[in-house]
Amino acid sequence: MPAAPQFKSEFLRNFAERGAYYDCSGPEELDALFQKERVTAYIGFDCTADSLHVGSLVQLMTLRRLQQAGHKPILLMGGGTTKAGDPSGKDEARQLLSNEQIEANKQSILSGIRHLLKFGDGPSDAILVDNAEWLDKLEWIAFLRDVGRHFSVNRMLTMESVKLRLDREQPLSFLEFNYSIMQAYDFVELYKRYGCRLQSSGSDQWGNVVSGIDLGHRLANVQLYGLTTPLITTASGAKMGKTAAGAVWLNAARVTPYDYWQFWRNTEDRDVGRFLRLFTDLLLAEIGRLEALQGAELNEAKKTLATEATAILHGRANADAAAETARRAFEEGATAAGLPTIVAMLPEGVLNLAVAAGLASSNSEARKLIANGGLKLNDVVVSDPKLAVAVSALNADGVLKLSAGKKKHVLVKPA
């Protein structure tokens with residue numbers, strides 16, 4: 001990762017100090033731009049699922065930091081580009097979605113993230129835009145003549161997203177091949193409509209960002225800029241936001257505030273300071289104090305990370321409730337009402353219950369958990385993988401408490 005320049009502008013300096021900076025185009029010119037005017041910048045998200053996941057959080061926090069520094073963020077939803085499909089990081093074409101599916105996904109995504117920004121008509125209020133507004137109206141021949149002629153197929157074949165697919169001898173459709181042209185056109189269109197001068201993205205999108213900068217020169221004779229963030233992995237090398245139970249989604253309907261809190265609580269020791277800088281609004285001085293804690297005291301820093309990160313996404317009340325539920329469950333050994341809950345017909349095999357509760361991905365994984373003494377029923381270690389859990393096992397609250405290790409707990413209510 002390139003070393004961050006010594007920025008003078010408030011936004012870029014803070015951005016780099018928090019570890020969010022990977023690279024940018026024209027660093028000195030971009031820094032000067034941030035010092036002399038309110039910069040309008042955008043980040044785009046396609047609507048391929050009904051929720052974004054933690055892997056998108058660095059970008060969302062970038063928009064948040066922009067607004068906190070007095071600049072104007074544009075949240076661009078890819079209602080148009082989703083119809084083509086971004087080939088980045090994929091071995092095969094994405095499933096084509098209907099217009100209705102794309103719109104439903106867009107609305108669901110927005111319900112989970114729009115509160116991270118302040119939208120409105122003020123100078124630094126965020127703008128919500130859908131690129132279907134212009135991409136759906138393009139005439140193909142005119143687009144090829146006016147825009148397509150500025151793109152070299154030779155260069156496009158060297159772009160990482162394309163090259164990887166071809167090197168693996170995986171099919172790349174002509175539709176996907178056009179994705180980078182569409183993204184570049186988005187940048188120019190946002191400049192024309194809103195005066196947008198900056199696109200931010202993950203470092204894997206650099207080729208598409210540069211294409212937009214070049215197209216800005218050719219079509220509008222304007223200097224546009226790109227700013228990228230690093231692809232986040234954990235200290236042990238795992239991809240950020242991937243767990244044994246699957247992706248950590250941002251919508252509460254997919255991952256409850258409690259489970260989201262737990263995800264951050266389980267952060268590796270070496271990642272605590274880094275994640276506090278990236279994913280919370282705490283002051284850097286306070287983060288420095290927290291990451292300096294040692295031994296068992298570092299758990300307090302992890303709890304702070306969990307609560308602050310959850311508060312940004314799900315609100316302070318939900319974050320505090322999740323922290324209290326965790327405290328009761330872990331420190332008091334209580335059956336806390338705020339724990340994730342499933343409903344099951346009893347009697348039921350303990351292996352099936354563990355899988356249904358998300359504590360294991362399969363019966364064989366549940367057997368291994370039991371063999372290692374890691375599965376508990378009502379705080380008692382389960383030793384028999386053939387155990388049939390009956391109604392008689394319900395505790396005084398009329399539920400079962402299934403636990404995997406010390407940190408994962410799920411309540412089971414009888415159907």
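One is the number of the first residue; the rest follow in order along the sequence.
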Go through it in stages, so that I can follow the logic: the residues are Ile312 and Phe279, the test is side-chain contact (heavy atoms from CB on, under 4.5 Å), and I'd like the CA-CA distance, side-chain angles, deciding distance and then a yes or no. CA-CA 9 Å; Ile312 286 175; Phe279 302 116; over 6 Å; no
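- Under the 3.5 Å distance criterion, the side-chain polar atoms of Gln67 are matched with a main-chain donor or acceptor of Ser124.
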Could you walk me through whether Glu324 and Arg327 satisfy the salt bridge (charged side-chain N to carboxylate O under 4.0 Å, His left out) test, starting with their C-alpha distance in whole Å, then the side-chain angles of each, then the deciding distance to 0.1 Å, before giving a yes or no? CA-CA 5 Å; Glu324 176 60 15; Arg327 187 191 68 78; 2.8 Å; yes
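- Heavy atoms only, all atoms of each residue included: Ala235 and Glu268 are closest at CB-OE1, 3.6 Å.
- The line from NZ of Lys413 to CG of Leu346 is 13.0 Å long, rounded to the nearest 0.5 Å.
- Nearest heavy atoms, Phe151 versus Ser180: CE2-O, 4.5 Å.
- A donor and an acceptor atom, one from each side chain of Trp261 and Asn318, are nowhere located under 3.5 Å apart.
- Interatomic distance, NZ of Lys376 versus NE2 of His409, reported as 8.0 Å (0.5 Å rounding).
- Using a 4.5 Å heavy-atom threshold, the side chains of Gln35 and Lys8 count as touching.
- Pairing each heavy atom of Gly79 with each of Cys47, the nearest pair is N-SG, 4.2 Å.
- The aromatic rings of Tyr260 and His314 lie perpendicular to each other, with more than 60° between the two planes, well past the 30° mark.
- Put simply, the side chain of Lys72 gets close to the backbone of Asp125: a donor and an acceptor are under 3.5 Å apart.
- Taking the side chain as every heavy atom from C-beta outward, Leu117 and Arg64 approach each other to under 4.5 Å.
- Residues Tyr185 and Phe143 place their aromatic rings such that the two centres sit under 6.0 Å apart.
- In this structure, the side chain of His71 engages the main chain of Val39 through a donor-acceptor pair within 3.5 Å.
- Here the CD1 atom belonging to Ile109 is positioned 7.5 Å from the CG atom belonging to Asp50, to the nearest 0.5 angstrom.
- Remark: the backbone N or O of Leu276 is not paired with any side-chain donor or acceptor of Glu308 at under 3.5 angstrom.
- Residues Asn14 and Phe7 have side chains not in contact (no heavy-atom distance under 4.5 Å, counting atoms from C-beta outward).
- A donor-acceptor contact under 3.5 angstrom links the side chains of Asp31 and Ser9, judged on distance only.
- Residue Tyr191 qualifies as open at atom OH: its count of foreign heavy atoms under 6.0 Å is 12 or below.
- Arg65 has a carboxylate O that lies under 4.0 Å from a charged side-chain N of Asp281, or vice versa, which qualifies the two as a salt bridge.
- A distance-only check finds a donor-acceptor pair linking the side chain of Ser200 to the backbone of Leu227 [under 3.5 Å].
- Between Glu286 and Arg289, at least one side-chain nitrogen of the basic residue sits less than 4.0 Å from a carboxylate oxygen of the acidic one, meeting the salt-bridge criterion.
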Can you check side-chain contact (heavy atoms from CB on, under 4.5 Å) on Leu224 and Phe187, steps first, answer last? CA-CA 8 Å; Leu224 303 177; Phe187 201 172; 3.6 Å; yes
Yes or no on side-chain contact (heavy atoms from CB on, under 4.5 Å) for Cys24 and Tyr225, after CA distance, side-chain angles and deciding distance? CA-CA 7 Å; Cys24 73; Tyr225 297 93; over 6 Å; no
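- Atom-to-atom distance recorded for Ser364:OG and Leu369:CG is 11.5 Å, nearest 0.5 angstrom.
- For Leu351 against Ala366, the heavy-atom pair with the smallest separation is CD2-CB, 3.7 Å.
- For the pair Leu219 and Asp146, the tightest heavy-atom approach, listed with the atom from each and the gap, is CD2-O, 3.5 Å.
- With rounding to the nearest 0.5 Å, the separation of CG in Leu305 from CD in Glu291 is 11.5 Å.
- With hydrogens and angles ignored, the 3.5 Å screen pairs a side-chain donor or acceptor of Ser51 with a backbone N or O of Asn251.
- Under the 3.5 Å distance criterion, the side-chain polar atoms of Thr82 are matched with a main-chain donor or acceptor of Gly78.
- Contact detail for Gly19 and Pro230: the closest heavy-atom pair is O-CG, 3.9 Å.
- Ring-plane geometry between Phe34 and Phe11 is classed as tilted, the angle between the planes lying from 30 to 60 degrees on a 0 to 90 degree scale.
- By the 6.0 Å contact criterion, NZ on Lys302 is enclosed, its count of non-hydrogen atoms from other residues, nucleotides or ligands being greater than 12.
- Looking only at atom types and distance, the side chain of Gln183 has a donor-acceptor partner in the side chain of Gln199 under 3.5 Å away.
- Listed for the Arg18 side chain is a donor-acceptor partner under 3.5 Å among the backbone atoms of Arg277.
- Here the side chains of Leu290 and Val272 are not in contact, with every heavy-atom distance at 4.5 Å or above.
- With 3.5 Å as the limit, one finds a donor-acceptor pair spanning the side chains of Thr229 and Gln59.
- Residues Ile232 and Phe275 are in side-chain contact: their nearest non-hydrogen atoms beyond the backbone lie under 4.5 Å apart.
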List the steps, then state whether side-chain contact (heavy atoms from CB on, under 4.5 Å) holds for Leu353 with Leu359. CA-CA 9 Å; Leu353 284 179; Leu359 300 178; over 6 Å; no
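- Checked by atom type, the side-chain pair Thr234/Asp271 shows no donor-acceptor distance below 3.5 Å.
- Side-chain polar atoms of Trp206 and Ser201 form no donor-acceptor pair below 3.5 angstrom.
- With 3.5 Å as the limit, one finds no donor-acceptor pair spanning the side chains of Tyr42 and Asn131.
- In this structure, Val350 and Leu377 have side chains that are not in contact, with every pair of non-hydrogen atoms separated by 4.5 Å or more.
- Between Asp186 and Met182 there is no side-chain heavy-atom pair separated by less than 4.5 Å.
- Lys106 and Glu103 are joined by a salt bridge, as a carboxylate oxygen and a charged side-chain nitrogen come within less than 4.0 angstrom of each other.
- In this structure, Asn372 contributes its side chain and Lys368 its backbone to a donor-acceptor pair below 3.5 Å.
- Not a single donor-acceptor pair under 3.5 Å links the side chain of Thr310 to the backbone N or O of Thr307.
- Atom NZ of Lys83 sits about 3.0 Å away from atom CG of Asp136, to the nearest 0.5 Å.
- The shortest distance between side-chain heavy atoms of Met240 and Thr233 does not fall below 4.5 Å.
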